[in-house]
Amino acid sequence: MTSRRGFLAGLMASGLAPAVTWAEVGAPDYLSAAQAPDGSYCLLGVGADGSIRFRQPIPGRGHAAAAHPHRAEAVGFARRPGTFAFVIDCAAGTTRAELEAPEGRHFYGHGAFSREGELLFTVENDYDAARGVIGVWDVASNYTRVGEFDSNGVGPHELRLMPDGKTLVVANGGIETHPDSGRTKLNIPFMKPNLTYLRLDGSLLEAVELEPALHKNSIRHIDVRADGLVGFAMQWQGGKGDQPAILGVHRRGEAPRLQLFGTDPEVAAQMDGYGGSVAFSGDGRYLAVSSPRGARVQVFDAETGALAQILPMEDVCGLGARPDGFLASSGTGRMIMFEADGPHDLGRSDVRWDNHLVPLARV
Amino acid sequence: MRYLIPAAVTLFTALAAPVAQAGPKTEAILDQLVLPGMRNLAERTADLDATAQADCAADSTALRAAYNQAFDAWIGVSHLRFGPAETDTRGFALAFWPDSRGMILKTVKAMIAQEDSVVDTPDGFATVSVAGRGFYAMEYLLYDTDLTTHETADYRCRLVRAQAADIARTAAAMEADWRESYADVMRNPGPDSRYKTDEEVLQEFFKAVVTDLEVDADLRLGRPMGKIDAPRPTRAEAWRSGRSLRHVVLSLTALRQLSDLLDEGDAEVAGRIDKDFDYAFSRADKLTGDPIFAGVATPQGRIRVETLQDAIRTIRTDVNQYMGPMLGVAAGFNSLDGD
């Protein structure tokens with residue numbers, strides 16, 4: 001019998017002929033889930049100018065998406081505790097495949113492709129065991145589930161492929177939930193989030209935790225810079241008043257201590273203990289975090305951690321990189337681009353932008 | 001990129017909020033509900049402590065009565081999970097539930113098996129995991145037939161006394177915190193304070209209502225309901241002591257009182273939410289024959305529980321939709337319901 005590792009390696013080597021490319025579908029720069037004015041939900045392709053390039057209906061509230069590195073194909077995930085994900089052919093306007101979480105599992109809303117797009121990795125909750133799982137799906141065989149491994153923590157919310165193409169970084173948020181109890185957090189006194197690096201076969205490379213006093217700071221969202229610096233945004237579960245910083249960076253192999261940005265109490269308090277999205281600017285100089293509850297985006301120098309800019313924006317959450325700045329989206333339908341020459345309001349569309357703007361690789 | 005706006009200037013502007021005063025609603029909530037509720041909790045838990053020191057037998061009528069009265073007092077204020085309840089994890093130390101991983105029984109059994117002497121001093125016992133402390137752990141000692149018939153009666157007695165003393169101590173600390181400090185924090189919002197405006201104070205109470213309605217619907221009712229083909233009656237809250245439905249009713253009673261003060265001044269909103277509560281109470285009345293939701297295992301029983309759950313969810317929807325905007329809560333797509 002083929003070992004799992006051997007099997008996955010075989011898949012990686014098989015390669016795929018590219019179908020329709022991103023450029024042919026109006027060249028969207030980002031994907032975002034949204035709610036339409038009639039209350040229905042959709043996944044949209046968005047240009048750098050904030051314009052909508054395509055719109056695909058989905059059956060329930062979405063969260064984030066994973067864009068195939070080469071093909072005009074995206075996987076949109078249900079908001080947790082959803083059990084569906086859709087592979088959307090962004091050119092033909094059709095659903096190419098449906099992914100259903102296995103029995104006893106639900107998706108968390110994020111996923112990532114391998115470098116050449118042969119495999120899709122999904123973050124899942126094995127809820128009876130309160131165990132985080134990474135599901136592995138084979139793209140060529142119409143997204144068949146081909147394996148899974150432990151996420152090394154509870155509540156893996158987002159994962160990303162590291163620039164080496166061989167490593168996954170996982171934000172294990174630490175929070176136990178069970179569909180029988182709605183979205184209620186079941187283990188706040190005992191939660192222990194971590195940032196974990198795994199090989200693509202699931203073997204553990206490194207895991208880092210916050211200092212014990214910050215164990216209620218759920219590590220939820222991550223972005224990775226081209227050189228491997230990981231930015232992560234957190235959501236504080238310890239209540240109003242003691243809200244700590246919600247943004248940090250970590251570099252693999254360095255001391256297992258998470259460097260926190262925005263630790264000045266006033267700067268931290270502005271975000272109301274809640275980081276919604278995190279992104280590096282395209283040039284890698286800046287790291288931004290959004291807070292819909294604090295109604296603003298804070299931008300930090302990615303090297304020094306110094307606060308560089310604050311952008312007030314009602315119900316902001318989605319953040320995507322621009323070459324030397326960011327694009328931000330909000331639940332009010334607004335998009336604002338902020339770059340070297342200052343913020344540009346790109347106007348308001350008729351949809352409510354959901355939590356994340358997912359950048360598409362240019363091919 | 002160059003950022004044109006210096007951070008310090010932007011910061012300063014963002015924080016220059018107007019100085020605010022406590023409004024009449026905040027005063028009423030604190031004086032009529034929160035402070036009396038906390039005083040009641042401190043008194044009832046002190047009674048529980050005194051009773052347990054006098055008689056620690058699991059089947060003691062006096063002890064069980066004191067336990068139930070103290071637990072009632074807690075459920076009446078358990079929606080106030082911010083501030084003083086958050087300090088030193090007091091809320092969880094009094095009430096670790098739901099216990100989805102069965103940690104209470106594991107913790108209590110381990111202490112009994114080792115006859116752990118940590119129970120012999122209050123400071124020592126305060127270091128025990130929250131799973132071994134509070135009302136839910138004590139319920140096992142008083143009502144779990146397995147534990148109460150165990151042979152180590154002497155150790156169980158020491159543990160019950162330690163739990164009662166710890167509950168009283170935690171409640172007293174929380175009450176003092178409200179009376180001596182936190183009520184004033186809420187009465188005096190300002191730019192340098194935890195609450196910038198009176199509106200923010202009311203929003204904290206608003207969130208408490210919404211969150212506890214979710215606890216009632218999703219946890220107190222949802223957990224025993226389980227899945228339609230797999231009901232889980234023994235997941236009902238405090239079923240050993242027969243308190244499951246009682247907690248829902250006590251919670252709804254407290255939430256209604258708080259809602260009444262929050263939506264005062266808008267007759268239309270108040271009328272709608274009042275009607276929602278009336279309906280939920282009428283559905284709870286239908287369950288008096290099933291105080292621990294054992295009926296979730298039968299189609300008829302399940303429908304009765306589900307109807308109450310729906311009624312509570314309707315309150316939540318209307319509170320969010322009508323009371324929220326009234327209190328200036330931004331009903332943001334992302335801010336209200338993030339992930």
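First the proteins, then the strands, lettered A, B, ... as listed; each starts at 1. These numbers come from the heavy atoms of this one structure, side chains and all, not from hydrogens, waters or symmetry mates. Predicted, not measured: the structure shown is a model, and the values here were computed from it.
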S.K.: Relative to chain A, which segment of Arg81(B) carries a heavy atom at a distance below 4.5 Å: side chain, backbone, both, or neither?
M.R.: neither

S.K.: Count the heavy atoms belonging to other residues, nucleotides or ligands that lie under 6.0 Å from NZ of Lys207(B), then report whether that count exceeds 12.
M.R.: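 Count over threshold, so yes.
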
S.K.: Measure Asn187(A) against the heavy atoms of chain B and call it side chain, backbone, both or neither at under 4.5 Å.
M.R.: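 When you check distances to chain B, no heavy atom of Asn187(A) falls under 4.5 Å.
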
S.K.: What closest approach, in Å, do Tyr127(A) and Arg101(B) show between heavy atoms, and which atom pair accounts for it?
M.R.: O-NH1, 4.3 Å

S.K.: Select one option (side chain, backbone, both, neither) describing which atoms of Arg61(A) are under 4.5 Å from chain B's heavy atoms.
M.R.: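 Just the side chain, heavy atoms under 4.5 Å.
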
S.K.: For Asp339(B) and His63(A), which heavy atoms make the closest approach, and how far apart are they?
M.R.: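 Looks like CB-CE1, 3.5 Å.
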
S.K.: Less than 4.5 Å to any heavy atom of chain B: does that hold for the side chain of Arg220(A), its backbone, both, or neither?
M.R.: side chain

S.K.: Could you tell me which residues in residues 212-225 of chain B have at least one non-hydrogen atom under 4.5 Å from a non-hydrogen atom of chain A, sorted by residue number?
M.R.: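 Interface residues of residues 212-225 of chain B: Asp218(B), Leu219(B), Gly222(B), Arg223(B).
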
S.K.: Within the side chain of Asp315(A), is there an N or O that forms a donor-acceptor pair under 3.5 Å with the backbone of Ser335(B)?
M.R.: yes

S.K.: Measuring heavy-atom distances to chain B, does Ser330(A) have an atom under 4.5 Å in its side chain, in its backbone, in both, or in neither?
M.R.: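 For Ser330(A), the contact with chain B is made by the backbone alone.
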
S.K.: So which part of Ser181(A) gets closer than 4.5 Å to some heavy atom of chain B, the side chain, the backbone, both or neither?
M.R.: both

S.K.: Is chain B contacted by the side chain of Ala64(A), its backbone, both, or neither, given a heavy-atom distance below 4.5 Å?
M.R.: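 Interface part for Ala64(A): neither.
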
S.K.: Under 4.5 Å between any side-chain heavy atoms of Met103(B) and Phe190(A), yes or no?
M.R.: yes

S.K.: Using salt bridge (charged side-chain N to carboxylate O under 4.0 Å, His left out) as the criterion, list what pairs up with Arg232(B), not counting sequence neighbours.
M.R.: none

S.K.: Give, as side chain, backbone, both or neither, the part of Gln298(A) having an atom under 4.5 angstrom from any heavy atom of chain B.
M.R.: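 When you check distances to chain B, no heavy atom of Gln298(A) falls under 4.5 Å.
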
S.K.: Checking heavy atoms, do the side chain of Lys216(A), its backbone, both or neither come under 4.5 Å from chain B?
M.R.: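 Contact with chain B is through the side chain of Lys216(A) alone.
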
S.K.: Is Ser193(B) in contact with chain A via its backbone, its side chain, both, or neither, using a 4.5 Å heavy-atom distance?
M.R.: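 Neither; nothing under 4.5 Å.
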
S.K.: If we ignore hydrogens and angles and just use 3.5 Å, is the side chain of Asn334(B) paired with the main-chain N or O of Arg352(A) as donor and acceptor?
M.R.: no

S.K.: Where on Phe82(B) is there a heavy atom nearer than 4.5 Å to chain A: the side chain, the backbone, both, or neither?
M.R.: neither

S.K.: List the residues meeting side-chain hydrogen bond (donor to acceptor under 3.5 Å, both in side chains) with Asp126(A), not counting sequence neighbours, and say none if there are none.
M.R.: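 With sequence neighbours excluded, Asp126(A) shows a side-chain hydrogen bond (donor to acceptor under 3.5 Å, both in side chains) to Arg131(A), given in chain and number order.
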
S.K.: Taking all non-hydrogen atoms of both residues, which atom of Gly226(B) and which atom of Asp180(A) are closest, and how far apart?
M.R.: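 Taking Gly226(B) first and Asp180(A) second, the nearest heavy atoms are CA-OD2, 4.0 Å.
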
S.K.: Relative to chain B, which segment of Glu176(A) carries a heavy atom at a distance below 4.5 Å: side chain, backbone, both, or neither?
M.R.: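 Contact with chain B is through the side chain of Glu176(A) alone.
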
S.K.: I need the minimum non-hydrogen distance between Gly331(A) and Phe333(B), along with the two atoms involved.
M.R.: CA-CB, 3.9 Å

S.K.: Residues in side-chain hydrogen bond (donor to acceptor under 3.5 Å, both in side chains) with Ser277(A), at least two apart?
M.R.: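 Only His356(A) meet the side-chain hydrogen bond (donor to acceptor under 3.5 Å, both in side chains) criterion with Ser277(A).
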
